[in-house]
Amino acid sequence: MLLQIDEMNIQRYLKKTIEKNLHKQKVIRIFGTRRTGKSTMLKTIFSEHSGDAVILQGEDMNVQELLKTRTVKNYERLIGNKKLLMIDEAQVIPDIGNILKLMIDNIEPLNISVTGSSSFDLQNSSGQPLVGRNMDFQMFPIAQKELSETENLLDTKNNLEERIIYGSYPELWHLETLEEKQNYLKQLVENYLLKDILMYENVLGSDVLYKLLQLLAFQCGNLVSTTELSNALQINKITVDRYLDLLSKVYIIFPISGFSKNLRKEITKSKKWYFYDNGIRNALINNFNLLSQRNDVGQLWEQYFISERIKSNASNLQYPQYHFWRTYDGQEIDLLEIDNYQNIKAWETKWKSDKAKIPTAFAKAYPEAEFTIINQNNYLDFIS
């Protein structure tokens, strides 16, 4: 069983980043799927700056009505002598982009922090008016890097299998039994994750989106053909592509494309799709079996490492390019990371074995690349 850790005691790295930027005349936009802890973090920051801050709930009709009068005087009365304005679920407020622009341009000093459960909600609502005035961040499920500050190495090792199976959504730390965790994840998938997409027109319904996610869950770590998805769902390919885009914009899944620079036989057009959280993936396929009873351990380990690597980089405000590498004759590497200087790091994930060699074609084409096999013995060196 996972070591019980109070969610409030887990220091979220994004909180530290936001606090460093609270003195700037900017709108800080915090994206991320529902239930990752955005509201909790915002309330925590507010409690620590309550004498200098105002916090609003965007879903409150009174708040929406109050903000409707778009004048500087109205907003000055609202904010008073405070320097910080925080709005949770800001994307539901009509014309929020122009409201934020008017505030940040005319009221000084002022920092505004807003949250939204999907990027297309908040970006479409506030994006264009705020060009040059905003700072954007993504909030993930809890990262192992964050947990490492509250638990020792033995606890981390003991909890690894359960985190690979159940993921790291914050509320899991309040649940004592595995059955409770399973029920929570199933309800999260059914009641929250698709909520944002279903609010929009031209979406066929939750059944199609759910089936699409299930197909991706079974194919995690494999090349995904949108044509095959289209045939399986009996909808056209354009719709499949649009749904994949929407699901990535609510931070349930993310794509990784093939990398090619030197070889004709490298695969570049196909993509692999991963889930930000293993628990969500396992809830979709209704499989919470122990790793010893599964045939997808390699997929789970690969996805776990990639998602944790992304979280770790983001905690350092590093956003490299991520790719996989594969040739038509079957040589492959799970993950490539290319930084701003075109340095290449290559990782091959192996749950049990450390016996893997760098593919010959890759070694010849990219002799300068670093190649590492990721297993249970060394994975923490790269994610914490």
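Residue numbers count from 1 along this sequence.
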* Cut-off 3.5 Å, side chains only: do E368 and Q342 have a donor facing an acceptor? -> no
* Does V189 share a hydrophobic cluster with F218, counting links as ILVMFWY side-chain heavy atoms below 4.5 Å and allowing steps through other members? -> no
* To do: Determine, for D52 against K82, whether the closest basic-nitrogen to carboxylate-oxygen distance falls under 4.0 angstrom.
  => no
* Asked: Side-chain heavy atoms under 4.5 angstrom apart, residues restricted to Ile, Leu, Val, Met, Phe, Trp, Tyr: same cluster for I285 and L188?
  -> no
* Just checking, is any N or O donor in the side chain of N74 or T71 under 3.5 Å from an acceptor N or O on the other one? -> no
* Asked: Any idea which heavy atoms bring L194 and Y210 closest together, and the distance?
  -> CD1-N, 4.3 Å
* In Å, rounded to the nearest 0.5 Å, how long is the span from CD1 of I30 to CD1 of I87? -> 11.5 Å
* **Greater than 12 external heavy atoms within 6.0 Å of K43's NZ** => no
* Asked: Rounded to the nearest 0.5 Å, what separation is found between the CD1 atom of I306 and the OH atom of Y276?
  -> 12.0 Å
* Smallest separation among heavy atoms of I104 and R133, with atom names -> CG2-CD, 3.8 Å
* Asked: Can you tell me if S148 and Q144 form a side-chain donor-acceptor pair at under 3.5 Å?
  -> yes
* **Exceeds 12 heavy-atom contacts within 6.0 angstrom, atom CD of E179** => no
* Mind checking salt bridge (charged side-chain N to carboxylate O under 4.0 Å, His left out) for D339 and listing every partner two or more places apart, or none if nothing turns up? => none
* Asked: Same hydrophobic cluster for I238 and W273, using side-chain heavy-atom links shorter than 4.5 Å among ILVMFWY?
  -> no
* To do: Looking only at non-hydrogen atoms, find the nearest pair between A283 and F288 and report the distance.
  => CA-CZ, 3.6 Å
* Structure fact -> Taken to the nearest 0.5 Å, the spacing of K83 NZ from E108 CD works out to 12.5 Å
* Asked: Does the side chain of R326 come under 3.5 Å of the side chain of Q331 through a donor N or O and an acceptor N or O?
  -> no
* Could you tell me whether E171 and K181 make a salt bridge, using a distance below 4.0 angstrom between a side-chain N and a carboxylate O? => no
* **Under 3.5 Å: donor-acceptor pair, side chain of K271, backbone of S225** => no
* Asked: Under a 4.0 Å N-O cut-off, is there an ion pair linking K186 with E190?
  -> no
* **Salt bridge present between R70 and D95 (N-O < 4.0 angstrom)** => yes
* What's the shortest heavy-atom distance between N222 and K272, and which atoms? -> O-CG, 3.5 Å
* To do: Return yes when atom CD of E228 has more than 12 non-hydrogen atoms of other residues, nucleotides or ligands closer than 6.0 Å, and no otherwise.
  => no
* To do: Taking atom CG of D329 as the centre, report whether more than 12 heavy atoms of other residues, nucleotides or ligands fall under 6.0 Å from it.
  => yes
* On the 0 to 90° scale, with breaks at 30° and 60°, tag the F362-W325 ring pair as parallel, tilted or perpendicular. => perpendicular
* Begin from the C-alpha positions of K249 and D245 and carry the test salt bridge (Lys or Arg N to Asp or Glu O under 4.0 Å) through to its verdict. => CA-CA 6 Å; K249 287 179 177 176; D245 182 57; 3.1 Å; yes
* To do: Kindly give the heavy-atom pair with the smallest separation between Y169 and T33, and that separation in Å.
  => OH-CG2, 2.9 Å
* Check whether L185 and L290 end up in the same hydrophobic cluster, where Ile, Leu, Val, Met, Phe, Trp and Tyr are linked by side-chain heavy atoms less than 4.5 Å apart. => no
* **Geometric class of the W347/F382 ring pair [parallel <30°, tilted 30-60°, perpendicular >60°]** => perpendicular
* Any donor-acceptor pair under 3.5 Å linking the side chain of N158 with the backbone of L154? -> yes
* **Straight-line distance of L178 CG to I165 CD1, nearest 0.5 Å** => 8.5 Å
* **Residue pairs, two or more places apart or on separate chains, that pass side chain to side chain donor-acceptor pair (under 3.5 Å) and touch residues 369-384** => none
* To do: Indicate yes or no: does K16 engage E149 in a salt bridge with an N to O separation below 4.0 Å.
  => yes
* Could R35 and Y192 be counted as a cation-pi pair, given that NZ or CZ must be under 6.0 Å from the ring centre and within 45° of the axis? -> yes
* Using only heavy-atom distances, determine whether the side chains of N111 and Q25 contain a donor-acceptor pair under 3.5 Å. => no
* Could you tell me whether D277 and R281 have a side-chain N and a carboxylate O separated by less than 4.0 Å? => no
* To do: Please say whether more than 12 non-hydrogen atoms of neighbouring residues, nucleotides or ligands are located less than 6.0 Å from NZ in K145.
  => yes
* Establish, from distance only, whether the side-chain atoms of D88 and T115 form a donor-acceptor pair under 3.5 Å. => yes
* Flag for E337-N313: side-chain donor and acceptor within less than 3.5 Å -> yes
* Name all residues meeting the salt bridge (charged side-chain N to carboxylate O under 4.0 Å, His left out) criterion together with K311; count only those two or more places apart in sequence or in a different chain, and write none if there are none. => E308
* Polar side-chain atom of Q64 near backbone of I93 as donor-acceptor pair, under 3.5 Å -> no
* Is it the case that one hydrophobic cluster holds both I383 and L317, taking links as side-chain heavy atoms less than 4.5 Å apart, direct or via other members? -> yes
